[in-house]
Amino acid sequence: QVHLVESGGGLVQPGGSLRLSCATSELTWEYYALAWFRQAPGKEREGVSCISGTEGSTHYLDSVKGRFTISRDNTKNTVYLQMNSLNPEDTAVYYCATARLLFSYPCLSALYDYNSWGQGTQVTVSS
């Protein structure tokens, strides 16, 4: 079981930015993917972005492409989600989660079994 702790959420005005952090227990990235998910009230949870493998391949939900950037600092065992140009539709609880890497599939694929989760951090975009 991987231990995950999210931070960085908060209240921001439309058009603003936030950077979320996900601190993990030490991982051998060759074998793992880490994804950010979000869940808004009354909506299903959706995968927002992920990073996987030694080379750090990344994938994004279409609605956040060009606005969100996922990155990883292996020395700090931390994955970041830089969120720019935020809009009210981005309001949700954001979670990070890990799964064993499936080498032939992008890490937002439904085939991934994300089975270690953080506690979540609230992001609210409102004027």
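At least one side-chain heavy atom of Arg67 sits under 4.5 Å from a side-chain heavy atom of Asp90. Thr24 is not listed as a side-chain neighbour of Glu26, based on a closest heavy-atom distance of 4.5 Å or more. When side chains are defined from C-beta on, Leu81 counts as touching Phe68, because their heavy atoms get closer than 4.5 Å. Looking only at side-chain heavy atoms (C-beta outward), Val123 and Met83 come within less than 4.5 Å of each other. In this structure, the side chains of Leu11 and Ser126 come closer than 4.5 Å at one or more pairs of heavy atoms. The shortest distance between side-chain heavy atoms of Ser17 and Val12 does not fall below 4.5 Å. Using a 4.5 Å heavy-atom threshold, the side chains of Leu102 and Tyr112 count as touching. Between Trp36 and Cys50, the closest side-chain pair of non-hydrogen atoms is not below 4.5 Å.
Across all their heavy atoms, Arg38 and Ser63 have their closest contact at NH2-OG, 3.7 Å. Listed here is the closest heavy atom pair of Ser116 and Val2: OG-N, 3.2 Å. The nearest pair of heavy atoms linking Ala40 to Ala92 is N-CB, 3.8 Å. Thr78 approaches Ser21 most closely through the heavy-atom pair CG2-CB, 4.1 Å. Closest approach of Phe37 to Ala97, counting heavy atoms only: CE1-CB, 4.1 Å.
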Exercise for review: Go through the steps to decide whether Asn74 and Leu27 satisfy the test side-chain contact (heavy atoms from CB on, under 4.5 Å), and finish with yes or no.
Suggested key: CA-CA 9 Å; Asn74 293 346; Leu27 288 175; over 6 Å; no
Practice item. Show your working on side-chain contact (heavy atoms from CB on, under 4.5 Å) between Leu86 and Leu18 and close with a plain yes or no. Key: CA-CA 8 Å; Leu86 286 161; Leu18 283 174; 4.2 Å; yes
Exercise for review: Evaluate side chain to side chain donor-acceptor pair (under 3.5 Å) for Ser57 paired with Glu55, printing each intermediate quantity in order.
Suggested key: CA-CA 6 Å; Ser57 297; Glu55 71 280 9; 3.1 Å; yes
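From Thr28, atom OG1 reaches atom CD of Glu30 across 8.0 Å, with rounding to the nearest 0.5 Å. Considering OG1 of Thr98 and OH of Tyr32, their distance stands at 6.5 Å, rounded to 0.5 Å. With rounding to the nearest 0.5 angstrom, the CD atom of Gln13 is 14.0 Å from the CG atom of Asn87. For the atom pair OH (Tyr105) and CG (Leu111), the distance works out to 5.5 Å, reported to the nearest 0.5 Å.
The main-chain N or O of Gly10 is never found under 3.5 Å from a side-chain atom of Gln122 such that the two would form a donor-acceptor pair. Looking at Thr91, its side chain does come within 3.5 Å of a backbone N or O of Val125 through a donor-acceptor pair. Tyr31 places no side-chain N or O within donor-acceptor distance of the main-chain N or O of Gly53, the cut-off being under 3.5 Å. Glu6 places a side-chain N or O within 3.5 Å of a backbone atom of Cys96 that can act as its donor or acceptor partner.
Evaluated for a side-chain contact (heavy atoms from CB on, under 4.5 Å) with Thr58, the options Thr69, Leu108, Ile51 yield exactly one hit, Ile51.
A cation-pi arrangement is present between Arg19 and Tyr80 under the rule of less than 6.0 angstrom and at most 45 degrees off the ring axis.
Classified by interplanar angle (parallel below 30°, tilted 30° to 60°, perpendicular above 60°), the ring pair Trp117/Tyr114 is perpendicular.
Grouping the Ile, Leu, Val, Met, Phe, Trp and Tyr side chains by contacts below 4.5 angstrom, directly or via other members, places Val93 apart from Val64.
Not counting sequence neighbours, Tyr95 has no partner by the ring-ring contact (aromatic ring centres under 6.0 Å, His included) test.
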